[in-house]
Number of protein chains: 2
Amino acid sequence: MQSALRKFKASIFQALSHPTRIAIIDILRDGEISAGAILERLEVEQANASQHLSVLRAHHIVINRKEGNQVFYSLKNLRLVEVLDLMRVYFMEELNESVGMLAEIHQETPGVGKVTQKE
Amino acid sequence: MQSALRKFKASIFQALSHPTRIAIIDILRDGEISAGAILERLEVEQANASQHLSVLRAHHIVINRKEGNQVFYSLKNLRLVEVLDLMRVYFMEELNESVGMLAEIHQETPGVGKVTQKE
DNA sequence: TATATACATTCGCAATTACGAATATGCCAT
DNA sequence: ATGGCATATTCGTAATTGCGAATGTATATA
């Protein structure tokens with residue numbers, strides 16, 4: 001079965017393909033944190049955050065630990081952070097090269113001038 | 001607009017989140033190649049391959065060049081290959097750590113033993 | 001001009017995903 | 001036991017994605 005690996009890769013990309021899930025992973029860069037604290041930093045409904053955490057759990061991107069009332073999440077494999085950092089370089093190169101891509105892809109108002117490094 | 005970058009990142013991951021598109025990118029590692037030659041290496045319908053190429057084009061992951069009858073595709077930014085190579089390390093670590101993940105995620109028959117490096 | 005070749009696009013339709021509302025579960029305190 | 005938190009799950013629905021069949025569009029060749 002030659003394509004099983006590609007299916008797996010695709011499923012990981014799928015798990016990363018939502019802005020809220022990217023945001024969650026960014027939050028987890030700082031280390032373990034409770035689901036409630038994650039929710040505070042996201043502007044989404046509680047159920048929605050929980051659903052996205054569920055996706056990340058299903059793909060073993062995060063792990064969780066129960067402590068009394070709460071559930072603490074953390075990244076399972078820190079190598080993913082390396083990947084995302086390298087990806088950031090790619091993103092910046094692409095954004096600088098063709099300003100307006102965001103608009104093209106997401107039908108937003110196109111910006112003017114180069115994109116800077118700060119997030 | 002703080003989340004525009006994350007939307008963009010998510011949209012790139014979205015573009016990478018299909019096994020056929022991963023396969024196309026792998027083929028393009030060897031350099032420029034015609035749409036027809038890509039099709040030969042994929043076990044999908046012509047229209048389907050063209051649709052996947054369209055997605056990769058829309059996200060500026062590939063570029064194309066017309067020459068007479070044919071269309072030649074290539075990767076737009078080779079840094080993406082670096083990202084995918086690093087991702088491969090991540091994939092392998094994850095696959096080795098928990099064999100059976102493929103089965104869990106994709107409801108396939110679980111394999112036995114460690115996954116080896118060869119594709 | 002007609003026909004073929006290479007590729008892209010459109011059109012249903014089935015499957016998947018995303019979301020909020022509602023509900024459930026488990027743990028703590030009273 | 002009862003009620004309150006923290007979190008997860010289920011449900012209905014709207015939106016998006018993936019696919020093959022059919023069709024469209026260039027370009028080349030006869």
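Order of the sequence lines fixes the chain letters, A, B, ..., with proteins taken first and strands second; residue numbering starts at 1 for each chain.
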(request) Take atom CZ of A:R65 and atom P of D:dT7, then tell me their distance rounded to the nearest Å. (result) 12 Å
(request) For A:E40 and D:dT7, give me the distance from atom CD to atom C1', rounded to whole Å. (result) 14 Å
(request) Answer whether the closest heavy-atom distance between the side chains of A:Y73 and A:R57 falls below 4.5 Å. (result) yes
(message) When you measure from the side chain of B:R21 to the backbone of B:L56, do you find a donor-acceptor pair of N or O atoms at a distance under 3.5 Å?
(response) no
For residues 33-51 of chain B, dump all side-chain donor-acceptor pairs below 3.5 Å to protein atoms at least two apart in sequence or in another chain.
| from | atom 1 | to | atom 2 | distance (Å) |
| --- | --- | --- | --- | --- |
| B:S34 | OG | B:A37 | N | 3.1 |
| B:N48 | OD1 | B:H52 | NE2 | 3.2 |

(request) Verify the contact: side-chain N or O of A:H52 to OP1 or OP2 of C:dT17, cut-off strictly under 4.0 Å; return yes or no. (result) no
(request) Starting from the 5' end of DNA chain C, give me the residue, B:Q70 or A:T20, whose nearest nucleotide shows up first. (result) B:Q70
(request) Determine the minimum heavy-atom distance between A:V81 and A:R29, stating which atoms define it. (result) CG1-NH1, 3.8 Å
(message) Mind checking if A:Q14 touches a base, just sugar-phosphate, or nothing, with heavy atoms under 4.0 Å?
(response) sugar-phosphate
Identify the pairs formed between an N or O of the protein and an N or O of nucleotides 20-24 of chain C at a distance under 3.5 Å, and give each distance.
| from | atom 1 | to | atom 2 | distance (Å) |
| --- | --- | --- | --- | --- |
| C:dG20 | OP2 | A:N48 | ND2 | 3.3 |
| C:dG20 | O6 | A:Q51 | NE2 | 2.9 |

(message) So, applying side-chain hydrogen bond (donor to acceptor under 3.5 Å, both in side chains) with B:E94, which one of A:R79, A:H59, A:K76 is it?
(response) A:K76
(message) Please report the distance, rounded to the nearest Å, between CZ in A:F13 and C1' in D:dG18.
(response) 19 Å
(request) Kindly give the heavy-atom pair with the smallest separation between A:I22 and B:A10, and that separation in Å. (result) CG1-CB, 4.3 Å
(message) With a 4.0 Å cutoff (strictly under), does any side-chain N or O of A:Y73 reach OP1 or OP2 of D:dA6?
(response) no
(request) Compare side-chain N and O positions of B:R57 against OP1 and OP2 of C:dC7 and report whether any pair is under 4.0 Å apart. (result) no
(request) Rounded off to whole Å, could you give me the CG-to-C1' distance for the A:N64 and D:dA8 pair? (result) 11 Å
(message) Let's see if you can work this out: which of C:dA8, D:dT7, D:dA26 has an atom nearest to the side-chain heavy atoms of B:N69?
(response) D:dA26
